[in-house]
Undergrad: 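The structure follows.
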Number of protein chains: 2
Amino acid sequence: MTTSSPGGRDRRPGERGDLLDPRCPTRRLLDRIGTKWTSMAVKVLAEEAPGELRFAELRRRIPGISQKMLSVTLRSLVRDGLVARRVEPVVPPAVHYRLTELGLSLEGPLRALRVWAETHMAEIDHSNRLADESSPDQRVDRMR
Amino acid sequence: MTTSSPGGRDRRPGERGDLLDPRCPTRRLLDRIGTKWTSMAVKVLAEEAPGELRFAELRRRIPGISQKMLSVTLRSLVRDGLVARRVEPVVPPAVHYRLTELGLSLEGPLRALRVWAETHMAEIDHSNRLADESSPDQRVDRMR
DNA sequence: CGGTATCCTCAATGATACTG
DNA sequence: CAGTATCATTGAGGATACCG
């Protein structure tokens with residue numbers, strides 16, 4: 001998602017002057033969870049609750065995520081107060097992450113979305129397939 | 001959101017070969033609703049249900065959306081089978097949009113997310129404010 | 001171990017102009 | 001009215017290398 005403005009304006013929560021909805025909570029939330037790895041990180045942490053997971057463990061449980069993106073994602077979640085970060089001051093640093101209460105409270109809505117997705121993505125795929133077979137010609141001469 | 005690959009791979013529902021989860025339904029759904037205007041369009045249409053809305057009406061009810069993005073968003077929703085498009089063959093064309101049953105079924109989960117957002121975004125903002133005041137210095141010398 | 005620093009690519013979105 | 005066609009910008013995310 002894209003909260004900030006590619007070609008428009010958009011402000012921090014406090015600024016005003018926007019012509020369009022400036023701080024619509026829903027859009028802001030979707031900009032966060034719509035970010036490629038956030039919801040997966042929350043899910044993984046939620047399944048582990050109330051335990052904690054270390055950086056490397058999280059990475060193992062989120063197939064395909066890069067070290068950079070896990071770092072970025074976690075930093076964002078911590079900043080938002082959805083995840084708590086605990087550093088154990090041992091030799092090779094051990095950092096633990098866990099959902100805060102706020103983060104945990106997001107799991108319900110997120111799970112509902114997951115259930116919907118698992119239940120209905122096949123229908124969406126079917127609809128797309130129908131569109132693909134019944135229009136490629138029109139598309140060719142009106143698009144491209 | 002970004003379904004397709006900025007720097008990686010990603011395939012249509014049918015292709016395989018991905019190292020990471022290829023067709024995780026949840027990610028695919030988030031890639032759709034995470035797109036800047038989709039959830040707002042669904043919401044507006046849901047509030048109108050079971051009525052229909054015309055292109056221009058939709059545009060009026062979604063402040064800030066451009067003609068192009070409304071068009072793109074609606075095309076995508078129709079293709080996914082979440083929205084039905086009805087063209088009245090009159091002189092200046094009149095096109096009506098309404099949620100399908102599938103689209104309507106997504107409203108529940110989406111509303112739950114909206115409620116969560118409206119209920120908790122203030123906490124997130126607060127958490128961000130805390131982060132801003134307690135670290136700007138560290139950030140300055142480790143980021144930037 | 002847990003990150004951070006760079007560099008690079010590409011899809012999402014905006015702005016603008018044109019059309020059946 | 002309801003789009004489509006272009007063009008430009010931006011930021012998410014990947015690859016890679018280095019660090020306390």
Undergrad: Any salt bridge (Lys or Arg N to Asp or Glu O under 4.0 Å) pairs touching residues 92-112 of chain A, not counting sequence neighbours?
TA: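 As it turns out, the salt bridge (Lys or Arg N to Asp or Glu O under 4.0 Å) pairs with a partner in residues 92-112 of chain A, which skip direct neighbours, are A:E107-A:R111, A:E107-A:R114.
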Undergrad: Tell me whether B:D125 is salt-bridged to A:R28, with the criterion being a basic N under 4.0 Å from an acidic carboxylate O.
TA: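 Salt bridge between B:D125 and A:R28, a charged N being under 4.0 Å from a carboxylate O: yes.
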Undergrad: Between C1' on C:dA11 and CE on B:M69, what's the gap in Å once rounded to a whole number?
TA: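 Answer to the nearest Å: 11 Å.
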Undergrad: Can you list every pair that meets ring-ring contact (aromatic ring centres under 6.0 Å, His included) and has a residue in residues 100-124 of chain A, with sequence neighbours left out?
TA: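 Found A:W116-A:H120.
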Undergrad: Check for me, please, whether B:L74 and B:V87 land in the same ILVMFWY cluster - side-chain distances under 4.5 Å, paths through other members count.
TA: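 B:L74 clusters together with B:V87.
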Undergrad: Relative to the 5' end of DNA chain D, which residue comes earlier, B:A56 or B:K68, by the nucleotide with the nearest heavy atom?
TA: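 In this pair, the answer is B:A56.
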Undergrad: Does a side-chain N-to-carboxylate-O contact under 4.0 Å join A:K36 and B:D31?
TA: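 No, no charged N to carboxylate O under 4.0 Å.
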Undergrad: Mind checking side chain to side chain contact (heavy atoms under 4.5 Å, CB included) for A:T100 and listing every partner two or more places apart, or none if nothing turns up?
TA: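 Side chain to side chain contact (heavy atoms under 4.5 Å, CB included) list for A:T100, sorted by chain: A:A84, A:L102.
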Undergrad: Atom CD1 of B:I65 to atom C1' of C:dA12: distance rounded to whole Å?
TA: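 The distance from CD1 of B:I65 to C1' of C:dA12 comes to 13 Å, rounded to the nearest Å.
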Undergrad: Tell me which residues in residues 42-55 of chain A lie within less than 4.0 Å of DNA chain C, going by non-hydrogen atoms.
TA: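 The answer is A:R54, A:F55.
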Undergrad: Nearest whole Å is fine: how far is C:dT13 C1' from B:L70 CG?
TA: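 So the two atoms are 14 Å apart, to the nearest Å.
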Undergrad: Could you tell me the separation between the CZ atom of B:R60 and the P atom of D:dA2, rounded to a whole number of Å?
TA: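 One finds 9 Å between P of D:dA2 and CZ of B:R60, rounded.
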Undergrad: Any sub-3.5 Å donor-acceptor pair from A:T119's side-chain atoms to A:V115's backbone N or O?
TA: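 Answer holds: yes.
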Undergrad: Between B:S66 (side chain) and B:M69 (backbone), is there a donor-acceptor pair under 3.5 Å?
TA: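 Judged by distance alone, yes, a pair lies under 3.5 Å.
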Undergrad: Within this structure, what is the CG-to-P distance between A:L58 and C:dC1, rounded to whole angstrom?
TA: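 From A:L58 CG to C:dC1 P: 15 Å.
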Undergrad: Nearest whole angstrom, please: distance from the P of C:dT13 to the CH2 of B:W37.
TA: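 From B:W37 CH2 to C:dT13 P: 9 Å.
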Undergrad: Could you state the atom-to-atom distance from CZ of B:R75 to C1' of D:dG3 in whole Å?
TA: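 After rounding, the reported distance stands at 9 Å.
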Undergrad: I need the residues from residues 84-98 of chain A with at least one non-hydrogen atom less than 4.0 Å from DNA chain C; give them sorted by number, or say none.
TA: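 The answer is A:R85, A:P92, A:P93, A:A94, A:V95, A:Y97.
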Undergrad: B:D31 CG to C:dA12 P: how many Å, rounded?
TA: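 For the pair B:D31 CG and C:dA12 P, the rounded distance is 9 Å.
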Undergrad: For residues 49-59 of chain B, which residue pairs pass the side-chain hydrogen bond (donor to acceptor under 3.5 Å, both in side chains) check, not counting sequence neighbours?
TA: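 For residues 49-59 of chain B, and leaving out neighbouring residues, the side-chain hydrogen bond (donor to acceptor under 3.5 Å, both in side chains) pairs sorted by first residue read B:E52-B:R86.
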